[in-house]
There are 2 protein chains.
Amino acid sequence: MKRTIYDVADAAGVSIATVSKVINGTGRISDKTRKHVVAVMDRLQYKPSMVASALTGKSTYTIGLTIPDLANPYFAEIARAVEDRGHEHGFNLFICSTDNDPEKEDRYFSLLTQKRVDGIIVATRTSKELFLKQLVQKKVPIVLIAGEMPALALDTVMVDDYLGGYQAGSHLVELGHRRIAILAEDLDHISNQERIRGCLQAMRDHGVAIDDSLVQVGGFTLDSGRTAATSLLNGSEPPTALFACNDLLAIASIQAAREQGLKVPDHLSVVGFDNTILATMIDPSLTTVAQPIQEIGRQAVDLLIQEIRNEKSIKQRAVLLPELIIRQSSAAIEP
Amino acid sequence: MKRTIYDVADAAGVSIATVSKVINGTGRISDKTRKHVVAVMDRLQYKPSMVASALTGKSTYTIGLTIPDLANPYFAEIARAVEDRGHEHGFNLFICSTDNDPEKEDRYFSLLTQKRVDGIIVATRTSKELFLKQLVQKKVPIVLIAGEMPALALDTVMVDDYLGGYQAGSHLVELGHRRIAILAEDLDHISNQERIRGCLQAMRDHGVAIDDSLVQVGGFTLDSGRTAATSLLNGSEPPTALFACNDLLAIASIQAAREQGLKVPDHLSVVGFDNTILATMIDPSLTTVAQPIQEIGRQAVDLLIQEIRNEKSIKQRAVLLPELIIRQSSAAIEP
DNA sequence: TTGAAAGCGCTAACAT
DNA sequence: ATGTTAGCGCTTTCAA
């Protein structure tokens, strides 16, 4: 039932080599034969098997993307950007949600390897550099998104988290805020650390005192974020502004504020990070540090493809700059 | 550099047939040899190539999922559910966002075919049954999600849209509403038609008059939805309640209401559909008809795998029931 | 219990 | 300009 190159060759009265050549546009074949073969392929609805062609050493035109969770809008948007750019180059995308579980991640890496993907884009926060090392050792092209891997020389696309934090902090200070809380998702991850560091530095640069008790961890869920934000707002000397290290936590903070009877931005200014679709959905719309998600996906894929094609001799790190988008969740402090 | 079954055979001093047998657990081999071979495979970090094994006729353990847009939270959640269930069975997932563009869809189908995926889950609103027919003809296992394909006998997992609409309508009527608007995303698609039909029927069953001018199309974006909702709210005899055919449109409606100085739910009750993560994020939290997204993904994968394994003789349609989740965006009509 | 050998569908020299 | 043929890494009879 399934058509093979032999069927086409037979039907066209030529050799399989000739068919292969017209498929790939290689070698030299007369216009006449080419057209004839193409016609026969059409008639037979023949589609060359990429499995077979991959076995002969050609590319699989497949890449893998590991992310913590596809249901998280930020990563869904990243994935979409990667998918689109990949598709433009004829690549298909394997999605791998790891929930930041090292075992799951390892299993995915293993599968991707066995399926001979051409390369992998890693957007997970791998604590286990071990797995990556193995891949590197096996010469699997890899590009990292939004995470640093100081011990490994890998192509990386990242956002300047420090600058983003600095922008958020400056914005709030310039609005007159002096007590600024920070809600991180996870202090272990370097991107969070940098966002915090940037925000604190902005405060320092503007002569604002820093209160360590105002920096808290909000976790990965709306619920945990709301809890953390609530405790922040219930302190003895509550903040008038809050910088959340991602949009989800920012929304959790707004919800917490509302529960405490605090109006945003009147009583509390909130700034997020990421600029996911969520930022425009909520009320008040969210002032947030925008990551150039499309560009991140595009550059990650482009780097990976260069790597795959062996067009690169050295690794590089692309640092993209974030941009503060001012919406309605931040305002000048009440007089 | 890359290890093959030959390397393992050599290193273990056995034939490749033996190695193959221990990999697959087939044939009979002494415990001694098995252990020895396993040890050698470990030492060599050997991973069998699924490309080669697929070429010999075995499954690729890969499925494709076509959706309109991965960046849309509803489809991201569906994709995550499909991914998870597939992963439990050792399948990897190719993501294909088509933007409902028939050409893109066709291109994806073509690629998936060439890569010999074991099956495809289709969650796009294919206007072109043509492509599906070709796949069916080629005996590619297919499962449809959330869309009807009356002309084709295909395994399908769907939600009872009519019932969902009915639940939404009943809820609003029981709250005392008499002027109920409906915002659809696209009247061409049957699931929207059914949701509307259900809502209207609920109104009729409760003796509520139906005003056709209160049914409008809101499109696929927040912006277009807000525009449509605005015009709905600006009519001569504005509605006191609105049923949106998905959460995105519901949110757009709430935004439109706010822009008009209308409070939700005080002046306007809003009910959505899908129960995506968005529903809990906005204020007021959204009353919405919940789709059992996990279950949809699970059943779609299970059906597909049965199909792949040839364990099914007849096609079937799984109709899952939606459930109304009452939150804060709907309330009894003002006296 | 193990191995030899014939494919799977395609590519890429190398001939012709 | 076209065809012959030897792999690619694995599975699977069929012998031994």
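Naming convention: chains lettered A, B, ... in sequence-line order (proteins, then strands); numbering from 1 in each chain.
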Whole-Å gap separating [atom2] ([N]) and [atom1] ([X]):
{"X": "A/Arg28", "N": "C/dA12", "atom1": "CZ", "atom2": "P", "result": "16 Å"}
{"X": "B/Lys115", "N": "C/dG9", "atom1": "NZ", "atom2": "C1'", "result": "17 Å"}
{"X": "A/Leu44", "N": "C/dG9", "atom1": "CG", "atom2": "P", "result": "14 Å"}
{"X": "A/Met41", "N": "C/dC10", "atom1": "CE", "atom2": "C1'", "result": "13 Å"}
{"X": "A/Lys35", "N": "D/dT2", "atom1": "NZ", "atom2": "C1'", "result": "18 Å"}

Plane angle bin for A/Phe109 and A/Phe131 - parallel if under 30°, tilted between 30 and 60°, otherwise perpendicular: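 The arrangement is perpendicular - the two ring planes meet at more than 60°.
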
Under 3.5 Å, is there a donor on one side chain and an acceptor on the other for [X] and [Y]?
{"X": "B/Lys138", "Y": "B/Thr113", "value": "no"}
{"X": "B/Lys115", "Y": "B/Thr62", "value": "no"}
{"X": "A/Ser110", "Y": "B/Lys47", "value": "yes"}
{"X": "A/Ser97", "Y": "A/Asp69", "value": "no"}
{"X": "B/Thr18", "Y": "B/Ser15", "value": "yes"}

B/Lys312 bridged to B/Asp155 by N-O distance under 4.0 Å: yes

Results of salt bridge (Lys or Arg N to Asp or Glu O under 4.0 Å) for B/Asp10 - residues two or more places apart only: none

B/S/- contact track for nucleotides 9-16 of chain D, protein heavy atom under 4.0 Å: BBBB----

Inter-axis angle, terminal five-pair segments of the helix from C/dT1-D/dA16 to C/dT16-D/dA1 [nearest 10°]: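 One end axis against the other gives 40°.
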
Phosphate-side-chain proximity, B/Ser15 and C/dT2, N/O vs OP1/OP2 below 4.0 Å: no

OP1 or OP2 of C/dT2 under 4.0 Å from side-chain N/O of B/Ser30: yes

